[in-house]
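One structure is given here, and the rest of the page talks about it.
Side chains are part of it too, since the values below use all heavy atoms of this structure and drop only hydrogens, waters and symmetry mates. Per chain, numbering begins at 1; letters A, B, ... match sequence-line order.
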Number of protein chains: 2
Amino acid sequence: MEKFLALTEEKKMTILNAALQCFGKFGYEKASVNDIAVAAHISKASMFQYFGSKKQLYIYLLEYCKKVIEEIFEKAHLDSKTDLFDRILASSRMEMESFQNQPFTLQFITSVWEETSPEVADALVILTEEACSFRNDMVLREEDALKFKNPEDARPVFQMLLLMGEGYAARYRGANAFDFETVMDDFEKNIAILRKNFYKEEYLK
Amino acid sequence: MEKFLALTEEKKMTILNAALQCFGKFGYEKASVNDIAVAAHISKASMFQYFGSKKQLYIYLLEYCKKVIEEIFEKAHLDSKTDLFDRILASSRMEMESFQNQPFTLQFITSVWEETSPEVADALVILTEEACSFRNDMVLREEDALKFKNPEDARPVFQMLLLMGEGYAARYRGANAFDFETVMDDFEKNIAILRKNFYKEEYLK
DNA sequence: ACACCAATAACCGATTCGGTCAAGTAATTA
DNA sequence: TAATTACTTGACCGAATCGGTTATTGGTGT
């Protein structure tokens with residue numbers, strides 16, 4: 001594994017992205033080490049030189065993604081935001097940015113949730129626990145509902161926004177390129193529209 | 001192919017679902033005929049007895065899905081609905097119902113959009129054209145916007161609902177069972193909330 | 001007892017699998 | 001420059017799997 005870490009940052013990223021993409025697309029069993037090597041433009045032998053085995057590579061990717069998720073956590077610092085829509089917007093922006101910088105991480109993480117291969121079943125626990133606690137931190141708070149014309153609308157609107165987020169993710173999953181700013185603007189405008197129509201007049205700054 | 005058509009309806013569906021699921025999950029190249037045979041609880045030899053070759057099986061599935069989509073078209077008869085939300089609700093209900101009855105069809109169709117295998121590239125044109133014209137029929141009409149407090153909100157709200165639909169699809173993709181009525185109720189409530197907050201008073205029946 | 005037929009176990013050559021290794025090449029050291 | 005070291009990879013391994021074929025099986029009707 002030290003062999004891999006000693007590579008240039010660019011080469012490491014090329015290999016990581018190739019592996020994330022292949023595992024994300026095919027799943028553990030159907031993704032072959034050769035697939036990944038070809039996508040990374042290196043020899044299959046080097047892959048084994050760097051990671052030892054297919055399983056060790058997969059585990060490395062799991063831990064790598066764990067780090068990425070933790071970074072998203074930190075940078076979003078949701079605690080400071082008092083408004084529901086601001087919190088949703090901030091966390092979405094962080095998610096989208098990291099998705100932009102590391103296009104295959106999200107695809108890989110999504111695939112992990114559907115992974116059923118017994119060979120890596122033991123290793124899967126690592127990621128799933130982390131990911132769950134993410135949403136708990138930005139969960140709807142009691143005071144959020146008070147800003148709504150109909151406070152009982154707060155929860156459904158929150159759920160709708162989560163749903164839209166999954167919609168965006170599905171729409172751009174596997175797309176090799178997309179305009180980050182356009183999508184983010186789109187989402188921001190949608191949030192503004194919802195806010196304008198659901199909030200009491202007094203909370204429309 | 002006549003061999004396959006002569007089977008009991010139940011056995012045919014078991015085989016179709018197995019094939020849709022495997023191709024949907026793995027893509028054309030990575031899904032093996034053996035995977036499908038095992039999932040369908042029949043021998044691999046029978047698969048070739050029924051369909052001749054892997055490619056012919058895939059093409060059969062494409063045409064089968066085309067039929068399913070056409071049925072959804074017919075049953076929804078969107079022309080009769082004058083209200084935007086009613087049209088969205090009706091088409092979503094149809095989509096969800098057929099998703100419920102034939103759980104792997106949607107997964108397969110989704111995968112077709114990402115299919116890159118050259119071996120079936122020629123056959124893929126069949127489905128993609130059909131699917132595109134689907135949304136054109138329920139596209140936002142001019143008169144829909146007039147019901148909104150802010151007519152310029154109509155288009156974004158329509159886009160948001162499409163996005164939510166993709167979100168639902170992504171959330172339940174690959175789930176082997178889910179409560180159809182619960183999900184549909186959820187969506188229906190969301191639509192009611194949007195309607196109440198976005199429509200002018202006079203259009204709230 | 002026979003003929004018929006759908007289903008499959010066993011098999012085909014070819015390819016690919018995860019993984020190894022020795023030869024080649026570039027970079028370092030002396 | 002010669003020797004040494006570190007890195008990369010083409011060629012290779014046995015085993016498994018690939019798409020596809022064939023010979024045998026067990027069941028059914030007569």
- Query: K67(B) side chain to L62(B) main-chain N or O, any donor-acceptor pair under 3.5 Å?
  - Reply: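 No, because the side chain of K67(B) does not come within donor-acceptor range (under 3.5 Å) of the backbone of L62(B).
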
- Ignoring hydrogens and angles, tell me if any N or O in the side chain of D35(B) forms a donor-acceptor pair with the backbone of A31(B) under 3.5 Å. no

- Query: Can the positive tip of K3(A) be found less than 6.0 Å from the middle of the six-membered ring of F51(A), inside 45° of the ring normal?
  - Reply: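 No; the conditions do not both hold, so K3(A) does not lie above the ring face of F51(A).
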
- Task: Tell me, please, whether Y28(A) has K54(A) positioned over its six-membered ring: NZ or CZ under 6.0 Å from the ring centre and within 45 degrees of its axis?
- Result: yes

- Output the residues of residues 7-23 of chain B in contact with DNA chain C, where contact means a heavy atom of the residue under 4.0 Å from an atom of the strand; sort by number or write none. L7(B), K11(B)

- Which nucleotide span of DNA chain C, 5' end to 3' end, has atoms closer than 4.0 Å to non-hydrogen atoms of chain A? dC17(C) to dC21(C)

Below 4.0 angstrom, N of the basic side chain to O of the carboxylate: do [X] and [Y] qualify?
X: R155(B); Y: D144(B); answer: no
X: E114(A); Y: K25(B); answer: no
X: D122(B); Y: K55(B); answer: yes

- Item | Step-by-step ring-ring contact (aromatic ring centres under 6.0 Å, His included) determination, F85(A) to Y199(A) | CA-CA 11 Å; F85(A) 289 112; Y199(A) 266 15; 5.2 Å; yes

- Task: Could you tell me whether the side chains of D83(B) and Y203(B) share a donor-acceptor contact shorter than 3.5 Å?
- Result: no

- Query: Do D185(B) and T182(B) get their side chains close enough for a donor-acceptor pair, meaning under 3.5 Å?
  - Reply: no

- Item | Contact pattern, 5' to 3', of nucleotides 15-30 of chain D - B, S or - by protein heavy atom under 4.0 Å | ---SBBBB--------

- Message: Under 4.0 Å, heavy atoms only, any strand: does Y50(A) hit a base, just the sugar-phosphate, or nothing?
- Response: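 Since only primed, P, OP1 and OP2 atoms lie under 4.0 Å of Y50(A), the category is sugar-phosphate.
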
